[in-house]
Amino acid sequence: MSVLEIKSLTHSYTDGSPFINDAVSDVSFSVEKGEIIGIIGHTGSGKSTLVQHLNGLLKPTSGEILFESENIWQKPKEIRKIRSKVGLVFQYPEYQLFEETVFADIAFGPKNMGLSGDELTRQVEEICRLIGIKEEYYSKSPFDLSGGEKRRVAIAGVMAMKPEVIIFDEPTAGLDPKGREEITEIIKAYRESTGATVIIISHSMEDMAEIADKILVMNKGKLEMFDETDKVFSNGAHLKEIGLNVPTVTKVFEKLYDMGIDVEKDVFTVNKAVEILTELKGRDNNA
Amino acid sequence: MLKDITIGQYYEGKSLLHKSDPRMKIIWLIALIVLIFLAQNMYALGFAAISVIIAIVISRVPIKMYLKNMKTILPILLFTAVINLFYGEGEVLFSLFGKINITDGGIYRSVFMALRILLFIFISSVLTYTTTPNDLTDAIESLLSPLKFIGLKSAVHTLAMMMTITLRFIPTLIEEAEKIMNAQKARGADLESGGLTKRVKALIPILVPLLISAVRRSYELAAAMECRCYNGGEGKTRMKKMRLSLIDLFLSLACIIIGAGIITLNILL
Ligand SMILES: Nc1ncnc2c1ncn2[C@@H]1O[C@H](COP(=O)(O)OP(=O)(O)OP(=O)(O)O)[C@@H](O)[C@H]1O
Ligand SMILES: [Mg+2]
């Protein structure tokens with residue numbers, strides 16, 4: 001069953017001015033339960049605008065968003081309920097920390113949902129354990145943490161609401177390779193333990209190839225492609241046309257192919273590359 | 001929403017008012033504000049209103065922009081109008097609850113005061129819409145420059161620099177506040193309902209990050225300015241020199257005519 005359905009979503013930031021293009025224009029797609037969807041697109045292509053509709057932060061200029069087959073704007077008063085079911089982690093989420101302690105900050109979301117007492121403590125502790133925030137951090141001030149640790153706490157703050165769909169807007173922006181890997185691990189851990197549906201916006205084609213089941217490509221507010229990861233990345237020429245690219249390993253294999261070496265062109269992940277190269281080496285040794 | 005705050009915004013254009021000297025525009029604004037204050041009867045105020053409308057027309061800024069400003073100050077406007085309604089003398093038109101008398105004088109007064117405030121807002125908007133914040137602060141610095149002779153040299157420059165920075169960062173802060181509001185809403189924060197205490201409390205998750213980010217930005221800005229050898233106006237030259245032109249002379253004449261008109265109408269009627 002589709003957990004989210006987006007039907008001809010259009011959003012324009014200026015009300016009715018004819019000169020400005022819509023930030024998102026006539027986008028339709030649906031997301032199945034448990035999928036990991038990657039969203040890619042040139043800067044300004046409407047990715048952030050699109051995802052802010054999925055939890056009701058922005059209201060469509062026209063079109064509909066269905067969560068579990070129900071229009072989320074059916075009862076505008078209850079839009080806050082949707083926000084606990086569809087979690088959204090903004091870009092640089094560490095700038096939204098405000099509480100005196102790490103624990104209190106992570107508890108902000110679940111508390112807004114009406115949890116309290118033991119239940120609240122349990123849910124916060126569970127998330128901290130899952131994503132590796134140690135107990136000695138609970139009473140620290142979030143402002144005394146390093147950048148990477150702050151980001152982890154901020155992400156925990158959204159995960160603590162136990163959303164069924166969780167969206168990340170460029171979760172690894174501005175982190176070093178190790179930090180990026182850690183965030184990716186956190187996302188995977190959350191998905192494994194809750195079975196949640198995950199949507200990630202990223203500019204890193206490599207990360208997308210590793211993690212996403214399907215990729216949605218945005219171009220100038222329009223949905224350009226929405227397909228399985230392999231299929232999207234095998235359209236390298238098209239991606240380049242709209243200011244995107246394929247993962248670096250794919251480029252290597254395209255080059256090898258062009259040089260006349262007998263390899264597949266469609267290699268998107270490091271693991272696949274290793275597999276093929278090992279096989280190639282085996283062939284060489286036999287010859 | 002926060003984005004509707006347009007007071008203090010510049011609107012790109014090429015009108016006479018855009019081209020005229022910002023120092024003169026400030027002087028005219030002060031003069032017109034004083035004149036609007038001096039207007040004692042409806043005729044004088046009506047004359048002032050016509051002048052303001054003409055200024056709006058020659059600014060060639062869409063009237064929509066001015067009306068947007070009005071939305072922001074509507075509460076103040078209504079408040080003034082209602083308060084003044086009760087302070088009139090003259091013929092009682094009708095009574096509320098048998099105690100509060102509404103007089104024709106009260107209604108006159110209420111309309112008069114509301115119109116006066118409206119004119120202040122409109123004429124000030126003409127200045128800010130047609131003058132970039134940078135020009136504005138340069139003009140203020142230039143107008144205040146006589147203070148240098150009484151030993152306030154660095155104070156004048158510092159004041160102008162502070163204004164420039166403040167104006168420059170208002171849109172940035174608004175954008176930042178909006179981002180933080182969205183992030184907290186995504187965590188289920190309820191900013192729209194509840195009583196006064198609940199609403200004030202709901203501001204904490206927004207104000208704390210906003211303040212922290214403002215402080216961080218100011219440190220970064222200070223460092224960046226020092227890296228570019230900022231030393232507080234000493235020996236600073238200007239890229240754009242302000243010069244008086246024929247337009248300024250012409251518009252100054254217009255101001256004098258408006259002034260004469262308002263004063264005459266005050267005395268005659
Ligand atoms: N709050 C806003 N007000 C007005 N226009 C906006 C606002 N936010 C975004 N836009 C405009 O909408 C368009 C889409 O912006 P959006 O932030 O969704 O792009 P994006 O794909 O997320 O880009 P990036 O990769 O740089 O984050 C852009 O043209 C942008 O200028
Ligand atoms: Mg974005």
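What you see is a predicted model; the values in this text were computed from it and never measured. So you know, we letter chains A, B, ... as the sequences are listed, proteins then strands, and number each from 1.
- Looking at B:Ser213 and A:Tyr95, their side chains never come closer than 4.5 Å, going by heavy atoms from C-beta outward.
- For A:Glu68, the CD atom counts as densely surrounded, since its 6.0 Å shell holds more than 12 non-hydrogen atoms of other residues, nucleotides or ligands.
- Around CG of A:Asp118, the count of heavy atoms belonging to other residues, nucleotides or ligands within 6.0 Å does not exceed 12.
- Taking a 6.0 Å sphere around CD of A:Glu185, one finds it holds more than 12 heavy atoms contributed by other residues, nucleotides or ligands.
- Heavy atoms from other residues, nucleotides or ligands lying under 6.0 Å from CZ of A:Phe143 number more than 12.
- Counting heavy atoms of neighbouring residues, nucleotides and ligands inside a 6.0 Å radius, atom CG of B:Leu67 exceeds 12 of them.
- For B:Arg116, the CZ atom is densely surrounded, since the number of other residues' heavy atoms within 6.0 Å is greater than 12.
- Around atom CZ of B:Phe79, no more than 12 heavy atoms belonging to other residues, nucleotides or ligands sit under 6.0 Å away.
- Side-chain atoms of A:Gln96 never come within 3.5 Å of backbone atoms of B:Gln184 as a donor-acceptor pair (strictly under, hydrogens ignored).
- Of the listed residues (A:Val158, A:Leu57, A:Val89, A:Leu88), the one with the most heavy-atom contacts under 4.5 Å to chain B is A:Leu57.
- With chain A as the partner, the residue from B:Val208, B:Ile206, B:Leu207, B:Asn182 showing the most heavy-atom pairs under 4.5 Å is B:Asn182.
- Interatomic distance, A:Phe98 CZ to B:Ile212 CD1, rounded to the nearest 0.5 Å: 10.5 Å.
- The main-chain N or O of B:Ala186 is never found under 3.5 Å from a side-chain atom of A:Arg83 such that the two would form a donor-acceptor pair.
- Heavy-atom distances place no part of A:Glu99 under 4.5 Å from chain B, backbone and side chain included.
- Within 6.0 Å of the NZ atom in B:Lys198, the count of heavy atoms belonging to other residues, nucleotides or ligands exceeds 12.
- For B:Leu211, no part lies near chain A; criterion is any non-hydrogen pair under 4.5 Å.
- Here the CD1 atom belonging to A:Ile79 is positioned 10.5 Å from the NZ atom belonging to B:Lys185, to the nearest 0.5 angstrom.
- Rounding to the nearest 0.5 Å places CZ of A:Arg80 at 4.0 Å from CG of B:Asp190.
- With a threshold of 4.5 angstrom between heavy atoms, A:Met113 does not approach chain B through any atom at all.
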